[in-house]
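Remarks on the structure that follows.
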Amino acid sequence: MRVHLINPSDAAFGTAVITPRWLFVLAAATPQEFGNPILCDETLEALDVGEVAAGDIVGIGIHTGNAFRGYAIGNLLKKRGAFVVFGGIHTTLYPEEAFERGAADCVIRGDGDIAWGQALRDHARGAAQRVYEGGRVDASEMKIARWDLLDSSKYMWASVQTVRGCPKHCSFCSVWRTDGQRPRQRASDPVIEEIVELRRRGFRFIALADDNFYPVSLTDIRLAERQNNQAKVATLKALRAERFELMERLAELPRGMVFFTQITMEAAEDPEFLEAMRKARIMGALVGIEAVTAEGLKAVFKDFNLSGEKLVERLRRFQEHGVHVLGSFIFGLPTDRPDTFEATHELAQRSGIAFAQFVMLTPFCGTVDFERWEKSLGDHPPEVDGIPITRYWLIPAEKRPKMFMPHPMMSSDEMRARTQGVWDRFYSFSAIWKRSACTPTLRARLAFVFISKLYRQMYASTGIATDSARRERAVLWARRIAKLTRQLFQARPMPDLQVPRARTSNSSDPLRVLG
Ligand code: SF4
């Protein structure tokens, strides 16, 4: 009896940008008596079903985007006699679907760090439960990923998580509802241990795959102080101090290591935090800008962001501290007008951000937007082959309409064409070359150009295009560019690298708040 963990995907690029962390975390959560699990990441190569034998146990992790493929795999492997377990965000939201569509024997809702091992042991003694409630495990119980099972020749960047959960509540995002609003921050020891292990294996670029690397803002602390809530003030300050401690330890890692994370724009108002990021070599951050107008931000419950000139100024502040921004913008907000597209492109160019993504407002499962949209369609939503469009992920890809939120003024086609236009202009060769001047060496400049083109191919052409020929061409190009780009990110392995020891006295002042 062998254990398999499968990350489903319709498109295989041969090389992937970031390691799918959950595979390696669940590998660590697999009890020793089951041996080393066999990992399959379909973003690299499609699953070879012949690898799975009767009696094997298969764990399939799905989000809404790959649920259809995940269910197909579940059915295929069930027919081969495997015991099929589903998990992941989509399973947490729609556990029954995995039984009805994916031939699941059991499902795990929430975090798998503990529940996965329990499900395996229960199954082995013939007592598997139907549904496991994995819940939200405490940071101290999060597993250290099994990077020894990673084929490092296939990925450009590795991923390490330092915090789960986000205190915000954006209407288009499901993170705060699935991972919770209380930040669960890992201690620096296991984080550093994982990073060192990855550097030993030749990874120089590491994504800190966090929901929000800046879970406590200065405003949060000031508000708690104003409310005279001493317990909250102490908790927030302790979380903040832990962030600084982690960044100080990152700064001690070998030169040449580079980190990338995801952060809210409020960090730009915290020069001390930005300075710590610079020292830690956190040189890139995905910042959810979403909209360039105040009305647009209000529409997505993100009014803690800034708009207009103040927005440009904040984004430049990241740059001034050596943090290159990947700005994320959303098109299709009810307040958007045809001229919003050009205004957004113009702001993106002017603000000095290094990369950008332009996504169309989509009703993603588990979000407030999705619930509103589902409700607006009433009890009898339109159907495709008998499947209501409110369950669009169950419609085969070739028939699945693109599910963009309806807009009061513009059709989905018009918005898609305008969005594609912005991607094309932002990622024209001359624009990329100009932006690449922010890098220090020719090699880095080349990496910047390749990663820009790859990003454009992987996300714009495969995500927005409705025409399958265009999508297939994009995948082909992405495969070629990915191969070349990976070489630029490779570093010589450092098998003897030691984990730097934690400082005995915490040099981060837990009371450090106002700089
Ligand atoms: S979009 Fe970002 S800031 Fe908003 S809830 Fe999600 S993770 Fe938090």
Side-chain angles (χ1 to χ4, degrees), residues 18 21-22 63-65 88-90 92-93 110-111 136 139 142 159-186 207-221 223 236 239-240 243 260-270 273-274 277 282 284-294 296-307 311 314-315 318 323 325-333 344 353 355-373 405 459 463:
I18 300 180
R21 181 173 169 78
W22 78 267
H63 50 80
T64 303
I89 295 174
H90 192 82
T92 302
L93 296 167
D111 294 337
R136 294 170 187 156
M142 291 175 192
S159 52
V160 175
Q161 191 168 39
T162 75
V163 59
R164 260 182 230 173
C166 175
K168 307 298 182 195
H169 55 272
C170 305
S171 68
F172 55 86
C173 175
S174 64
V175 161
W176 57 281
R177 296 174 121 201
T178 51
D179 281 350
Q181 288 183 286
R182 185 178 68 83
R184 288 171 287 150
Q185 212 160 256
R186 293 175 81 197
L208 302 175
D210 299 325
D211 295 327
N212 178 1
F213 189 78
Y214 187 66
V216 177
S217 70
L218 293 180
T219 310
D220 296 333
I221 296 176
L223 272 175
L236 295 178
L239 283 168
R240 178 174 166 82
R243 290 280 87 175
F260 177 89
T261 192
Q262 184 160 300
I263 205 165
T264 49
M265 206 192 295
E266 294 158 307
E269 291 157 47
D270 192 340
F273 198 88
L274 289 182
M277 282 176 78
I282 302 176
L286 187 149
V287 178
I289 300 167
E290 328 307 358
V292 298
T293 63
L297 291 168
K298 206 166 175 196
V300 290
F301 304 170
K302 201 153 186 170
D303 13 12
F304 59 86
N305 264 9
L306 291 165
S307 56
L311 167 61
R314 288 292 187 283
L315 291 172
F318 282 104
V323 180
V325 170
L326 189 172
S328 179
F329 298 87
I330 300 179
F331 286 133
L333 304 175
T344 304
I353 60 176
F355 303 96
Q357 62 181 28
F358 307 96
V359 298
M360 289 181 63
L361 188 60
T362 305
F364 287 119
C365 299
T367 65
V368 170
D369 284 348
F370 182 89
E371 281 169 12
R372 276 196 206 137
W373 171 71
M405 290 289 267
Y459 295 95

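Order of appearance sets the numbers: ligands from 1, and atoms from 1 within every ligand.
- For the atom pair CD1 (Ile263) and CG (Asp211), the distance works out to 13.0 Å, reported to the nearest 0.5 Å.
- Listed by chain and residue number, Cys170, Glu290, Val300, Lys302, Ile330, Leu361, Asp369 satisfy the side chain to side chain contact (heavy atoms under 4.5 Å, CB included) test with Phe172 (two or more places apart in sequence, or in another chain).
- For the residues Ile263, Asp211, Asp179, the heavy atom positioned nearest atom 7 (S) of ligand 1 is part of Asp211.
- Distances under 2.8 Å from atom 4 (Fe) of ligand 1 pick out the protein N/O/S atoms Cys170 SG.
- In this structure, Phe358 has its ring center closer than 6.0 angstrom to the ring center of Phe329.
- Every residue meeting the side chain to side chain contact (heavy atoms under 4.5 Å, CB included) condition with Ile282, not counting sequence neighbours, appears here in chain and number order: Leu208, Phe213, Met247, Leu250, Phe259, Thr261, Met277, Ala280.
- Scanning for side chain to side chain contact (heavy atoms under 4.5 Å, CB included) contacts around Phe355 gives Leu326, Tyr427, Phe448, Ile451, Ser452, with sequence neighbours left out.
- Between the side chains of Thr367 and Arg372, not a single donor N or O lies within less than 3.5 Å of an accepting N or O.
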